[in-house]
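First comes the structure, then the notes that go with it.
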Amino acid sequence: MTIRLYDTNARQIRDFVPLTAGCVSIYLCGATVQAAPHIGHIRSGLNFDIMRRWFAYRGYDVTFIRNVTDIDDKIIKKSAEQNRPWWSIGYENERAFNDGYDALGCLPPTYEPRATGHITEMVEMMRGLIERGHAYEADGNVYFDVRSYEGYLELSNQDLDDLRQPSGEGETGKRDPRDFAMWKAAKPGEPSWETPWGRGRPGWHLECSAMAHKYLGSAFDIHGGGIDLIFPHHENEIAQAKAFGDEFAKYWVHNGWVTMSGEKMSKSLGNSVLVSEMVKRWRPIVLRYYLGTPHYRSMIEYSEEALREAESAFARIEGFVQRVTEMAGGEVAPAAEVPPAFAEAMDDDLGVPQALAVVHTTVRQGNSALAADDKEAAVARLAEVRAMLGVLGLDPLDAHWVSETEGEDLHGVVDTLVRLVLDQRQAARDRKDWPAADAIRDRLSQAGLVIEDSSGGPRWTLGPR
């Protein structure tokens, strides 16, 4: 058993060899909390939640850090536009992100540090870089000298001579326009902290280098984030950390975007789909299926049609789970191990699409066993399906999703009402009033319910939208 991951830095799939046997340390660039999250933001957290679950299934002790960037240019701009304190905007949106992660079944991180809680660590890192000749102060700003670090731009595979470094307002005194700001001098009305170089606030890149060092030490296994972070953010993180003396991350793993009309989903484009609105229109477990089942490195082109297809596909899985559970007369525990083909797919760079194919094949086998009245085989297939769905965070019988159903869908109340209507339909059938029975079934179908007549009596499920 060897897990293999695509390493952006090596530009190839590599065998995963942990720094410490039996342990894996993961740092994920989390939310920048200037606004509420859209599904593109949550996809990253969800992809790495599946990674974390798979490592745990394979027996690793996982330390998972997902930071919160609660101070940056965008948050300060929002503060001015809305005439609200920057920390109020940050905290409100941090809660919105956590609500989104929780709604889609992401496990909480081991630690979730905020940037503003680690100013001391940032100052220490800057001091060390200045002492080593990799950084300098100018006009109250502190810059990283990119020419001082030989490995700069290896991750993004750029040429330093052609580099156009993003630069913010007030970044004066640079020795080279390609140098980037680690610390920005205070401006009137903006938040600031005291340092040996005057009051100011941190640059985005410094925050993650300092927090990764604090929580995972000088070397850790995996650094993750969206592909849009490769440059400048991750490139600059590497330069700071390694110039400071850290080995930093051994593997770099990046997830693809959610796009609309071929463009990255983003607030600046005005095409974002907020998680808070999406969960009102779609069951959160269906959203998880939609966002989590494509390969993490692939792009997802958002469309209502694709979501409906995901809903239909998951309904087939969920229907099988419900039917066998009812037939067994109680809950069937997940199998101790997933099928070998599922494990092989997941070990190969988290091949969720191939692993999901194994889920659907097992469901078909289970349905065939149901049709043949082979209870033992059907129960065995359900146990395998639950084990696989558990790894993907999609087991509808998991306590997270059961509580969601009980609290939001009012399944028990709806079931009672539907049963009353089904009793009327059965009475019409008993008296051979077929038009009345068909009319009742059609009305239920129009309401979004699928009725199945089985040997144990009629049963209903929610149909595709």
Side-chain angles (χ1 to χ4, degrees), residues 37-47 49-50 100-101 103-106 255-265 269-296 298-323 352-364 366-367 385 388-389 392-398 400-402 404-405 408-411 414-415 418 441-452 459-465:
H38 55 63
I39 58 174
H41 292 129
I42 297 299
R43 183 196 181 186
S44 181
L46 203 160
N47 286 153
D49 180 67
I50 293 173
Y101 292 133
L104 269 62
C106 294
N255 64 275
W257 294 334
V258 178
T259 61
M260 291 182 72
S261 302
E263 293 186 90
K264 175 195 171 190
M265 186 173 288
L269 292 174
N271 61 1
S272 54
V273 183
L274 296 181
V275 176
S276 59
E277 294 302 315
M278 293 293 287
V279 296
K280 296 175 184 176
R281 299 167 48 213
W282 302 90
R283 294 173 60 203
I285 197 169
V286 170
L287 283 175
R288 183 179 177 100
Y289 185 96
Y290 170 68
L291 292 171
T293 53
H295 194 275
Y296 75 90
S298 67
M299 299 296 182
I300 300 176
E301 175 67 14
Y302 171 80
S303 72
E304 294 281 318
E305 180 182 0
L307 261 166
R308 284 192 293 271
E309 290 174 356
E311 185 178 49
S312 296
F314 184 73
R316 290 192 290 273
I317 297 172
E318 189 173 34
F320 166 72
V321 172
Q322 292 171 345
R323 284 191 293 274
V352 174
Q354 294 76 18
L356 191 65
V358 180
V359 174
H360 282 288
T361 297
T362 309
V363 166
R364 287 194 294 272
N367 281 329
V385 167
M388 293 184 282
L389 293 179
L392 301 176
L394 288 168
D395 182 0
L397 300 183
D398 182 87
H400 176 84
W401 303 116
V402 171
E404 171 204 90
T405 300
E408 297 180 11
D409 289 351
L410 300 174
H411 187 279
V414 175
D415 182 65
V418 173
R441 184 186 183 113
D442 290 344
R443 289 294 298 275
L444 290 173
S445 178
Q446 292 169 11
L449 301 175
V450 174
I451 308 302
E452 297 178 66
R459 62 186 304 278
W460 67 271
T461 55
L462 289 173
R465 295 169 192 246

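Just so it is clear, the model here is predicted, and its values are computed rather than measured.
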Just so I know, are the side chains of [X] and [Y] near enough to count as touching, which here means a heavy-atom distance under 4.5 Å?
| X | Y | answer |
| --- | --- | --- |
| P396 | L389 | yes |
| L104 | V279 | yes |
| Y290 | Y302 | yes |
| H38 | M260 | no |
| L287 | I42 | no |
| D49 | Y101 | no |

For the pair [X] (side chain) and [Y] (backbone), establish whether a donor and an acceptor sit closer than 3.5 Å, ignoring hydrogens and angles.
| X | Y | answer |
| --- | --- | --- |
| T361 | A357 | yes |
| R288 | L392 | yes |
| W401 | G393 | yes |

For this session: For residues P353 and P294, report the shortest heavy-atom separation together with the two atoms involved.
Result: CG-C, 4.0 Å
For this session: Measure across R43 and H295 and return the closest heavy-atom pair with its distance rounded to 0.1 Å.
Result: NH2-O, 2.9 Å
How long is the span from the [atom1] atom in [X] to the [atom2] atom in [Y], to the nearest 0.5 Å?
| X | Y | atom1 | atom2 | answer |
| --- | --- | --- | --- | --- |
| W257 | E263 | CH2 | CD | 10.0 Å |
| L444 | I451 | CG | CD1 | 4.5 Å |
| M299 | N255 | CE | CG | 9.0 Å |
| L307 | M278 | CG | CE | 5.0 Å |
| R308 | W282 | CZ | CH2 | 6.0 Å |
| S44 | I39 | OG | CD1 | 13.5 Å |

Exercise. With F314, which residues qualify under ring pair (Phe, Tyr, Trp, His ring centres under 6.0 Å), at least two apart?
Worked result: Y289
Problem set entry | Neighbour count >12 (heavy atoms, 6.0 Å) for atom CD, E304 | yes
Exercise. Can you check side chain to side chain contact (heavy atoms under 4.5 Å, CB included) on L394 and T293, steps first, answer last?
Worked result: CA-CA 10 Å; L394 288 168; T293 53; 4.2 Å; yes
For this session: Examine the side chains of R323 and N367 and answer whether a donor and an acceptor come within less than 3.5 Å of each other.
Result: yes
Exercise. In terms of side-chain geometry, is the basic nitrogen of E277 or K280 positioned less than 4.0 Å from the acidic oxygen of its partner?
Worked result: yes
